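Single-structure report; data block below.
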Amino acid sequence: MKLLTQTNRIYFGFSLVIYLLTAVAFYQIVRLLIYDDVESRLKVEKRDFESYVRSHHSWSSSPYFVENKIEVTRVTSSSRPGREEFTDTLIQDRYTSELVPFRQLTFYEPIRGDLYRVAIRKSLIQSYRLIEGISLTMAVFLGLLLASMFWFQGKLSERIWRPFYATLVRIKAFDLSRSDSLHLTPSPITEFNELNQVLQKMADQMQLDYRNLKEFTENASHEMQTPLALINAKVEQLIQSEQLTTAQTQWIDTIYQASRRMSRLNQGLLLLAKIENRQFVNSQPIDLTDELILRLKDMDEVLLHKQISTNILPGDAFWARLPPLLADSLLTNLLSNAIRHNQPGGRIEVRSSAYYLQLKNTGPAPTVEPEALFKRFKKGSSSNETVGLGLAIVKQICDTYQLTISYQYEEGMHTLSLAEG
Amino acid sequence: MKVLVVEDEQELAESIADYMQKEGYICERTATFWEADERIFLYKYDCVIVDLTLPDGDGLQLIQHLKQLAATTGVIIISARNALEDRLRGLEIGSDDYLTKPFHLSELNARVKSLLRRRQFGGHTEIRFEGITVVPQSRTVFVQGQLTTLSRKEYDLLLYFLSNLNIALTKASIAEHLWGDNIDSADSLDMVYSHIKNLRRKLVDRGAGDYIQSIYGIGYKFGLP
């Protein structure tokens with residue numbers, strides 16, 4: 001969830017809890033105060049009652065006490081005298097027949113020798129109204145406070161976190177292969193500045209490493225190819241000699257083939273490294289079906305020589321987005337495999353739809369387990385000509401440009417399927 | 001014909017120079033940008049072979065200077081880099097060809113010859129050897145005066161042989177000349193054999209001698225037996 005949503009939510013939850021606790025506490029305190037006030041007044045009236053009884057030695061409903069405010073009942077000797085206690089009670093109002101809340105003080109007083117239970121009451125209705133009024137006012141003000149603080153902290157957070165979001169946007173737009181540096185605006189907040197500095201340093205380092213790696217792969221290739229060129233040149237000079245024995249010619253051929261193989265290996269590894277480092281940048285939408293068919297035509301001579309027939313099934317074109325050079329490498333490698341692992345009189349089939357491109361070829365069962373097929377240096381044939389990187393290059397291209405490649409062997413047919421992924 | 005080789009790898013430069021000299025060219029070599037720059041200023045060459053990565057300068061810049069001084073001089077770039085951008089850039093500034101290391105000397109030789117034919121005589125030269133005449137401009141071949149039809153690959157093969165007379169050529173260099181390096185080597189070597197067989201048959205049928213010798217274990221040589 002978003003940062004501000006989170007802070008807002010926490011703040012809101014916390015304030016709400018505090019608010020509720022405060023409200024409850026406040027309500028209780030006000031209630032306590034009011035009750036305390038009522039009760040102390042009831043006690044005063046009790047003293048009044050007692051002093052009246054003492055001086056007059058009797059009791060009569062004197063107009064000095066309003067209706068319901070006092071109740072004197074004689075207590076029989078069987079019931080025991082209780083203690084003095086405060087209770088709440090409801091009494092029906094004479095005029096409105098509503099039940100009105102009263103606070104009642106009950107105590108026992110002997111009058112002329114008999115024990116009487118006396119209950120003095122005070123209406124709570126005004127008090128209740130007071131409590132309600134105070135509580136409501138408090139609630140409203142607390143509510144306003146809560147709302148305004150919430151709004152304020154929301155706006156403040158938004159403002160404070162702005163540099164962070166700006167940095168986030170810049171990081172997302174950062175592209176390693178381009179040489180523009182990550183420019184992060186400085187901020188008055190220490191932590192964000194620190195973050196920016198660290199990110200800047202990291203990005204700069206990454207760009208430096210990338211450039212170095214790029215240069216390294218290019219230089220490594222150059223360094224390797226020149227001595228290889230030398231070997232080839234000398235071998236070609238050697239073979240001009242008329243005085244070579246058969247054995248010597250064979251040795252020279254071995255050296256020659258090894259040198260050529262090393263060269264192909266070097267090229268292959270270099271290509272793999274470059275693909276992995278995303279050094280090919282001009283991705284374009286490419287009709288892979290069409291390109292595959294073109295290349296198949298280019299191979300006419302080879303196919304004729306090996307007596308391999310081709311069959312292109314009708315279907316929609318399979319498009320993908322990748323650099324043209326790599327599309328070429330991908331398809332050429334797949335086709336070379338289909339030709340190499342085929343048999344005389346065999347055939348190659350192309351099946352295509354908008355979602356996949358399939359290249360099938362007849363041929364003997366594979367000697368490599370299917371899972372290891374796309375690993376480097378795994379060769380289906382023990383030929384010295386192939387370096388074993390073709391399918392690894394295919395896999396690397398697929399991995400880098402969101403394609404999937406899968407292999408199946410069934411009833412004498414190898415199938416390589418290219419799909420979106 | 002004067003050829004200048006600009007290559008900082010001494011051994012390689014020597015090999016190229018030796019080969020060129022055997023072919024009858026006067027071949028000079030330099031190993032640095034500055035020395036090469038001086039030479040092209042002072043002397044005129046028919047063809048300059050330039051390695052792009054020189055220790056003290058950029059080969060491309062050298063080519064630009066050359067084009068300003070003597071636009072008709074042929075330029076062939078040799079480089080370890082196979083990047084498309086480099087090739088295109090080379091063509092843009094006026095080079096005639098681009099060879100990636102490692103290359104076959106015989107291939108380099110064939111390209112130099114082809115380049116010189118194009119530049120010097122507007123491509124109007126004929127190549128003659130014994131009874132065989134090849135007219136590159138029209139891609140026609142005459143044996144003992146009679147027009148001989150050759151397939152595209154057979155023609156390329158004959159031209160390659162004629163450009164490298166009496167030189168032992170490896171099967172690999174022939175294959176790469178005919179198909180580039182897109183093709184699987186094992187297949188191409190097979191096909192080289194069948195093309196050579198066909199070419200030999202066609203030439204001999206028309207009355208030429210059997211000039212194609214096969215050198216066991218390595219390749220072929222075209223020349224007088």
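Chain naming here is simple, since letters A, B, ... match the order of the sequence lines and numbering starts at 1 in each. Predicted model, so just to flag it, every value in this text is computed and none were measured.
Considering only heavy-atom pairs separated by less than 4.5 Å from chain B, the leading option among L228(A), I252(A), T249(A), I239(A) is I239(A).
The contact between E9(B) and chain A is made entirely by side chain atoms (from C-beta outward), counting heavy-atom distances below 4.5 Å. With a 4.5 Å cut-off on non-hydrogen atoms, S106(B) touches chain A through its backbone and its side chain both. Looking at D253(A), the atoms closer than 4.5 Å to chain B (heavy atoms on both sides) sit in the backbone and in the side chain alike. Heavy-atom distances place the side chain of I339(A), and not its backbone, under 4.5 Å from chain B. Contact of F103(B) with chain A is made through the backbone alone, with heavy-atom distances under 4.5 Å. Heavy-atom distances place the backbone of N166(B), and not its side chain, under 4.5 Å from chain A. Of the atoms belonging to K171(B), not a single heavy atom falls under 4.5 Å from chain A. Looking at I231(A), there are no atoms closer than 4.5 Å to chain B (heavy atoms on both sides), in backbone or side chain.
Within 6.0 Å of the CZ atom in F129(B), the count of heavy atoms belonging to other residues, nucleotides or ligands exceeds 12. In this structure, R347(A) places its CZ atom where only 12 or fewer heavy-atom neighbours from other residues, nucleotides or ligands lie under 6.0 Å away. Counting heavy atoms of neighbouring residues, nucleotides and ligands inside a 6.0 Å radius, atom CZ of F216(A) does not exceed 12 of them. In the displayed structure, K221(B) atom NZ is contacted under 6.0 Å by more than 12 heavy atoms of other residues, nucleotides or ligands.
The CG atom of L230(A) lies 11.0 Å from the CD atom of Q10(B); values are rounded to the nearest 0.5 Å. In this structure, the separation between CG on L244(A) and CD1 on I215(B) is 9.5 Å, given to the nearest 0.5 Å. Here the CG-CD distance, from L108(B) to E236(A), works out to 10.0 Å after rounding to the nearest 0.5 Å.
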Task: Residues E301(A), R152(B); criterion salt bridge (charged side-chain N to carboxylate O under 4.0 Å, His left out); working and verdict - done: CA-CA 12 Å; E301(A) 201 180 345; R152(B) 194 200 173 92; over 6 Å; no
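Using modelled atom types, one side-chain atom of Q240(A) and one backbone atom of A168(B) make a donor-acceptor pair closer than 3.5 Å.
Nearest heavy atoms, Y256(A) versus S173(B): OH-N, 4.1 Å. The two residues E11(B) and K234(A) have their closest heavy-atom pair at O-NZ, 4.0 Å.
Contact check for Q237(A) versus Y19(B): no side-chain heavy atoms found under the 4.5 Å cut-off. Between V302(A) and M191(B) the shortest side-chain heavy-atom distance falls below 4.5 Å.
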